[in-house]
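Here is how names work: the chains are called A, B, and so on, in the same order as the sequence lines, proteins then strands, and each is numbered from 1.
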Protein chains: 2
Amino acid sequence: MTAQNGAGVFDEDCPSRLVLNHVASRWGTLIVSALRQGPLRFHALRDRIGGISEKMLSQTLRQLVEDGLVERTVEPTTPPRVSYELTPLGGELAGHVQALLDWITLRADEIVAARSRHRPG
Amino acid sequence: MTAQNGAGVFDEDCPSRLVLNHVASRWGTLIVSALRQGPLRFHALRDRIGGISEKMLSQTLRQLVEDGLVERTVEPTTPPRVSYELTPLGGELAGHVQALLDWITLRADEIVAARSRHRPG
DNA sequence: CCGCATCCATTTTGATACTG
DNA sequence: CAGTATCAAAATGGATGCGG
């Protein structure tokens with residue numbers, strides 16, 4: 001059964017809603033997807049995700065870490081190397097996120113064509 | 001192949017990024033999911049999606065309509081009935097979105113437990 | 001009443017500089 | 001390098017107004 005009742009994410013106060021807001025946020029999906037192939041360091045992530053600010057990267061990562069979807073690792077070198085990696089739970093999530101992103105990538109042209117039909121010009 | 005190069009959604013200027021920002025927005029996933037079972041009128045949608053404002057519902061719906069993912073139908077009665085429905089393209093998308101939402105609903109408790117481990121208290 | 005558009009207060013996001 | 005502090009810009013929500 002596919003969560004079609006009033007509960008779950010449709011309920012403003014349900015905890016799942018919090019998770020949704022972290023994951024299906026402007027940057028959440030991109031970060032999760034970027035980490036699919038393995039750990040990445042802070043600046044590597046920033047460079048991979050076009051347009052993200054350091055502030056939002058930092059903030060979104062912190063949320064994902066709190067949610068147990070991403071793990072933060074610090075190697076005590078100088079300068080310290082901090083890398084981020086999906087947890088097993090995050091890995092599950094990443095599969096679904098990637099499917100969504102792949103579909104969007106696949107259909108982007110078609111959708112853009114639809115846009116030009118709905119917008120004047 | 002699963003879109004792992006620098007192109008697509010990771011490129012700030014790629015059209016797919018626009019679509020992602022509409023779909024993976026705070027309300028986009030919920031609207032798409034809510035419409036999965038059939039057409040809904042404006043207020044029905046608002047009531048279904050806890051916490052959404054009429055303004056954001058209206059705005060997000062307009063984006064999804066522009067993207068060709070949702071169709072807007074006006075019955076010329078008094079008062080007019082305006083209903084929203086997924087297009088075939090939107091239906092494809094909804095499948096992926098629903099998978100994501102279902103996973104989040106399923107794992108919400110586990111994730112909340114993880115949060116309490118990462119946050120003081 | 002229904003489906004929005006508009007105005008304004010609050011929240012979120014972004015650019016840039018700065019620190020350990 | 002890996003962030004945080006700060007301030008400006010943009011997104012958001014609530015209230016309200018309005019034509020049908």
Side-chain angles (χ1 to χ4, degrees), chain A residues 9-13 17-31 34-35 38-67 70-85 118-120, chain B residues 9-13 17-31 34-35 39-67 70-85 118-119:
Chain A
V9 288
F10 288 104
D11 178 1
E12 189 180 2
D13 300 321
R17 186 66 163 270
L18 245 184
V19 181
L20 178 65
N21 288 341
H22 296 164
V23 172
S25 68
R26 179 156 190 193
W27 304 111
T29 56
L30 291 172
I31 292 177
L35 291 176
L40 283 178
R41 296 175 58 184
F42 187 84
H43 278 191
L45 260 175
R46 183 201 56 184
D47 294 342
R48 183 74 190 286
I49 301 173
I52 196 171
S53 67
E54 298 193 343
K55 178 179 176 179
M56 288 316 296
L57 178 57
S58 174
Q59 188 174 117
T60 309
L61 277 171
R62 219 178 308 132
Q63 291 174 335
L64 296 174
V65 169
E66 279 181 12
D67 289 345
V70 168
E71 190 181 13
R72 181 177 186 270
T73 306
V74 184
E75 295 177 52
T77 60
T78 49
R81 290 165 170 271
V82 180
S83 61
Y84 295 88
E85 180 174 16
H118 284 277
R119 297 194 61 150
Chain B
V9 287
F10 288 104
D11 178 1
E12 190 181 359
D13 301 321
R17 187 64 164 274
L18 246 183
V19 181
L20 179 65
N21 287 340
H22 295 163
V23 172
S25 68
R26 179 156 190 195
W27 304 112
T29 56
L30 291 172
I31 292 177
L35 291 176
L40 283 179
R41 293 177 61 186
F42 188 83
H43 277 192
L45 261 175
R46 184 202 55 185
D47 295 342
R48 183 74 189 286
I49 301 174
I52 196 171
S53 67
E54 297 195 344
K55 179 181 175 180
M56 288 315 297
L57 178 57
S58 176
Q59 190 174 114
T60 309
L61 277 170
R62 215 178 309 129
Q63 292 175 334
L64 296 175
V65 169
E66 280 181 11
D67 289 345
V70 168
E71 189 180 13
R72 181 179 186 268
T73 307
V74 184
E75 297 177 51
T77 61
T78 50
R81 291 163 170 271
V82 180
S83 61
Y84 295 88
E85 180 174 15
H118 285 277
R119 296 194 60 151

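Side-chain contact check for A:R17 versus A:D13: every heavy-atom pair is 4.5 Å or farther apart. Residues B:Y84 and B:V70 meet the side-chain proximity criterion, which asks for heavy atoms closer than 4.5 Å. By the 4.5 Å heavy-atom criterion applied to side chains, A:Q59 and A:W27 are not counted as neighbours. Within the 4.5 Å cutoff, the side chain of B:L61 has heavy atoms near those of the B:L45 side chain.
One interatomic measurement links the two molecules: CD of B:E75 to C1' of D:dG20, which rounds to 15 Å at whole-angstrom precision. If you measure from atom NE2 of B:H43 to atom C1' of C:dC2, you get 6 Å, rounded to the nearest angstrom. In this structure, the CD1 atom of B:I31 is 11 Å from the P atom of D:dT12, given to the nearest Å. Regarding B:Q63, its CD atom lies at a distance of 8 Å from the P atom of D:dT12, rounded to whole Å. Regarding B:H22, its NE2 atom lies at a distance of 11 Å from the P atom of D:dA11, rounded to whole Å. Between the CD atom of B:Q59 and the P atom of C:dC4 there is a distance of 13 Å, rounded to whole Å. When rounded to the nearest whole Å, the span between CD of B:E54 and C1' of D:dT16 equals 11 Å. Residue A:L57 contributes atom CG, which lies 13 Å from atom P of C:dT13 at whole-angstrom precision.
Between A:P79 and A:W27, the residue whose closest nucleotide on DNA chain C is further toward the 5' end is A:W27. Heavy-atom nearest nucleotides on DNA chain D were determined for B:P80 and for A:R81, and the one closer to the 5' end corresponds to A:R81.
Closest to the side chain of A:R62, from the set C:dT6, D:dT4, D:dA2, is D:dT4. Taking the side chain of A:M56 as heavy atoms from C-beta on, and the options D:dA2, D:dG13, C:dG14, the nearest nucleotide is C:dG14. The nucleotide whose nearest atom lies closest to any side-chain atom of B:K55 is, among D:dG3, C:dG14, D:dG14, D:dG14.
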Go through the steps for B:N21 and A:R26 under the test side-chain contact (heavy atoms from CB on, under 4.5 Å), then give the verdict.
-> CA-CA 6 Å; B:N21 287 340; A:R26 179 156 190 193; 4.0 Å; yes

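Contact annotation: B:R46 does not reach the phosphate of D:dG13 (side-chain N/O to OP1 or OP2, under 4.0 Å). A sub-4.0 Å separation between OP1 or OP2 of D:dG13 and a side-chain N or O of B:R26 is present. Contact annotation: B:R41 side-chain N/O to C:dG3 OP1/OP2 distance is under 4.0 Å. For C:dC4, neither phosphate oxygen OP1 nor OP2 lies less than 4.0 angstrom from any side-chain nitrogen or oxygen of B:S58.
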